[in-house]
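What follows is a single structure, written as structure tokens, with notes after it.
Worth knowing before you read on, the calculation uses all heavy atoms, side chains too, and leaves out hydrogens, waters and symmetry mates. Chain naming here is simple, since letters A, B, ... match the order of the sequence lines and numbering starts at 1 in each.
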There are 2 protein chains.
Amino acid sequence: MGKPTVHDIASEAGVSLATVDRVLNGRPGVRQKTQDRVQSAIMRLGYVRDLSAANLARQRQYRFAFVLPEGPGQFVGLLQAALREATDVQRADRISVRVLQVPAHDPHQVVRTLNTIDAKHYDGVAIMAQETPQVRDAVHRLKTAGLPVVTLISDLPNSDRDHFVGVNSIAAGRTAGLLMGRFLRGLTGKILVVTSSLLARDSLERRFGFDSVMAEKFGSLEILPTLEAHDDAERMAAIVRSSLDVHPDIVGIYSLASGNKALIESLRLTGRFQDFVVIAHELTSQTRDALERDELAAIITQDVGHLVRSAVRVLRAKSDGLSVIQSQERIRIEVLLKENLP
Amino acid sequence: MGKPTVHDIASEAGVSLATVDRVLNGRPGVRQKTQDRVQSAIMRLGYVRDLSAANLARQRQYRFAFVLPEGPGQFVGLLQAALREATDVQRADRISVRVLQVPAHDPHQVVRTLNTIDAKHYDGVAIMAQETPQVRDAVHRLKTAGLPVVTLISDLPNSDRDHFVGVNSIAAGRTAGLLMGRFLRGLTGKILVVTSSLLARDSLERRFGFDSVMAEKFGSLEILPTLEAHDDAERMAAIVRSSLDVHPDIVGIYSLASGNKALIESLRLTGRFQDFVVIAHELTSQTRDALERDELAAIITQDVGHLVRSAVRVLRAKSDGLSVIQSQERIRIEVLLKENLP
DNA sequence: TTGTAGGCGTTATCAT
DNA sequence: ATGATAACGCCTACAA
């Protein structure tokens, strides 16, 4: 005979379906004694509830909000595309996702947006935002309202979010550093570090990880201070030009976060791309192209598809009170070379 | 109002549920004219069938067979563990998986096992085996019997399997080669290539990919012929000893496939691990340990968890006649360094 | 406190 | 060729 159902439990325990359902869902109105009878029947038969049947019956809907920055970066665009692709498929699972965009680098807007989210309209929230006390408070409010909250890409470690979907930035920086050092085996020289903004905690952590590894293992390489282009292509070009001018012994370039497009274009202008080992983060059309041309040596990234699918899975599990499969939800720090480009 | 259901279609088309169901499932006994009416109602309302309700009603079961080699390699063990973990979860989705073990390197047994699989007891088959004409025939038989077939890790490209779950071995070899060349930047010398057996097509392809990259980009490195230890630790130790003896200018070691345990132990015995850049395939307890100790420079691998989940998802999709999400099912060639070890 | 009956969206077995 | 009607496993009024 097949898997036991509520009917089996009902007859085994000598009660009605409704009563079984009540103890199954922890609803009141059942004597302790009856509860025990049902519970023991459940144990005895090894019952495990059919979630899809349950969802069908209760017309369960999973409505998730994804709060994402709308910046100039292409990375968030990729994230959104992956999200759309994922939700197309998961519409079949009664999952609907709404993306709430907030201007990048505007903590107030993030908070305001988070505060518009209520438990009447949503069943879970995924947030990609920089950490501020106000954001933490907003997360707390959401949790208090009973909503599962996951952080995406960039964690809010001191908030009471349920889960973080993303990678350890320090480890990502260390990975970049290790590759840089290895690829520059035996060389002495300087490493230029650029980014568009060093405000985000992730950037700081990557830089920290990068520096740690270089200090530990590659003493012959000197890491220059981080230079910020502030999303300004002109400024990036100027930085590249003057840095290469001032430091003729630059052997490596590390692009810490966003700003890859401007960096790559600037380096092409110098005509000296091949003189450096260049490592960047995040796979975008620009970085992919540069990797294929042997301009970049490596890209450190995370799979945006996996990222959004994981966020959705975790939100669903949390809003069902289920636990997540750690191994499936662990996001990898991916090392992409020309030869293993997906 | 919510998503349209079969009821909506029925009333829109002015027919009964049964008729709607017939055209939905392509069953006979409906006049062409009626079919058209129903079809147009379906289009008009934008109906999309609720798969979980359908599965509930038809008590759908997904019974999949995984045909795996039982060898001395730890890799298959990891695969099985991942499979167990995955099926624990997917039991909820009416999925059951049975593992059929066959002695490694025994094509006859594989065929015999495949021939025991019939469509009465299974709804799909995943196969990890070396390619022989007999295996291809067996796959053909399974397909003819109406069973979806996916190949796992090692493809059977000339069979009519539905899908291959794994990575391109040539690209994996190229990735290993690129890393080896980069890590040996500026050095001249020889590279030792070892494995336990060169029989498998994957091994040959990796070697091919490795050689291609080395020839294209790293002409100063000479790649020695592949040495096979045939799952014999003693033999591996002898290979390592004599090779290092004969070729004092060995700078890199590439472990093509299995046999990592013996290789690592042999190299430890020489006490000269640090003198070489060693790159291996597949993450196992041994290779992980060696990577953490800075003995291995890198591991090229694929995520076994992803592998088995993908196989199951694809089998399910195929046996429902659905298409797969390419992006989700693409298995990555992973580059693991000490700093991004999961 | 407990039970009955109907419904969730789909399929399948009967009749008609 | 078509239509009632009853499942599937679970949830939820409403009644007792």
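Nearest heavy atom pair, residue B:Leu17 against residue B:Ala10, reads CD1-CB, 3.7 Å. Nearest heavy atom pair, residue A:Ala13 against residue A:Val38, reads CB-CA, 4.0 Å. Closest approach of B:Ser40 to B:Arg44, counting heavy atoms only: OG-NH2, 2.6 Å.
Sorted by residue number, the members of residues 12-23 of chain A with any non-hydrogen atom under 4.0 Å from DNA chain C read A:Val15, A:Ser16, A:Ala18, A:Thr19, A:Arg22. Within residues 317-325 of chain A, no residue is approached by DNA chain C to less than 4.0 Å at the level of any non-hydrogen atom.
Nucleic acid contact for B:Asn55: none, since no nucleic acid atom lies under 4.0 Å from a heavy atom of the residue. At a threshold of 4.0 angstrom between heavy atoms, the contacts of B:Thr34 are confined to the sugar-phosphate backbone, with no base atom among them. In this structure, B:Arg27 reaches the sugar-phosphate backbone alone: every heavy-atom distance under 4.0 Å involves primed, P, OP1 or OP2 atoms, never a base. Residue contacts for A:Val30: at a heavy-atom cut-off of 4.0 Å it reaches the sugar-phosphate backbone alone, with no base atom in range.
Under 3.5 Å, the side chains of A:Thr132 and A:Arg136 contain no donor-acceptor pair of N or O atoms. No hydrogens or angles considered: nothing links the side chains of A:Ser285 and A:Gln74 as a donor-acceptor pair under 3.5 Å. Side-chain polar atoms of A:Thr301 and A:Glu334 form no donor-acceptor pair below 3.5 angstrom. In the model, B:Gln101 has a side-chain atom that pairs as donor or acceptor with a side-chain atom of B:Gln80 under 3.5 Å. In summary, the side chains of A:Gln61 and A:Ser96 do not present any donor paired with an acceptor at a separation below 3.5 Å, with no hydrogens or angles considered.
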Exercise answer: donor-acceptor pairs, residues 142-159 of chain A side-chain atoms, under 3.5 Å, sequence neighbours excluded:
| unit_1 | atom_1 | unit_2 | atom_2 | d |
| --- | --- | --- | --- | --- |
| A:Lys143 | NZ | A:Asp162 | OD1 | 3.0 |
| A:Lys143 | NZ | A:Asp162 | OD2 | 2.9 |
| A:Thr144 | OG1 | A:His140 | O | 2.7 |
| A:Thr151 | OG1 | A:Asp155 | OD1 | 2.7 |
| A:Thr151 | OG1 | A:His163 | O | 3.4 |
| A:Ser154 | OG | A:Asp202 | OD1 | 3.1 |
| A:Asp155 | OD1 | A:Arg161 | NE | 2.9 |
| A:Asp155 | OD2 | A:Arg161 | NH2 | 2.9 |
| A:Ser159 | OG | A:Leu156 | O | 2.8 |
| A:Ser159 | OG | A:Arg161 | N | 3.4 |

With a cut-off of 3.5 Å and sequence neighbours excluded, list every side-chain donor-acceptor pair involving residues 46-53 of chain A.
| unit_1 | atom_1 | unit_2 | atom_2 | d |
| --- | --- | --- | --- | --- |
| A:Arg49 | NH2 | A:Asn25 | OD1 | 2.6 |
| A:Asp50 | OD1 | A:Ser52 | N | 3.0 |
| A:Asp50 | OD1 | A:Ser52 | OG | 2.9 |
| A:Asp50 | OD1 | A:Ala53 | N | 3.0 |
| A:Asp50 | OD2 | B:Arg94 | NH1 | 3.2 |
| A:Asp50 | OD2 | B:Arg94 | NH2 | 2.9 |

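Residues B:Pro28 and A:Leu24 each lie close to DNA chain D; by heavy-atom proximity, the contact nearer the 5' end of the strand is made by B:Pro28. Each of A:Arg49 and B:Arg31 was matched to the nucleotide of DNA chain D holding its nearest heavy atom; the match closer to the 5' end belongs to B:Arg31.
Extent of DNA chain D lying under 4.0 Å from chain A heavy atoms, first and last nucleotide in 5' to 3' order, is D:dG9 to D:dT12. In summary, contact between chain B and DNA chain C, defined as any nucleotide atom under 4.0 Å from a heavy atom of the protein, begins and ends at C:dG9 to C:dA12 in the 5' to 3' direction.
Annotation: B:Arg98, atom CZ; neighbour count of heavy atoms from other residues, nucleotides and ligands within 6.0 Å does not exceed 12.
With respect to A:Arg332 and A:Asp303, no salt bridge is recorded, no charged nitrogen being found less than 4.0 Å from a carboxylate O.
A side-chain contact (heavy atoms from CB on, under 4.5 Å) with B:Arg37 is found for exactly one of B:Val15, B:Val23, B:Ile9, namely B:Val15.
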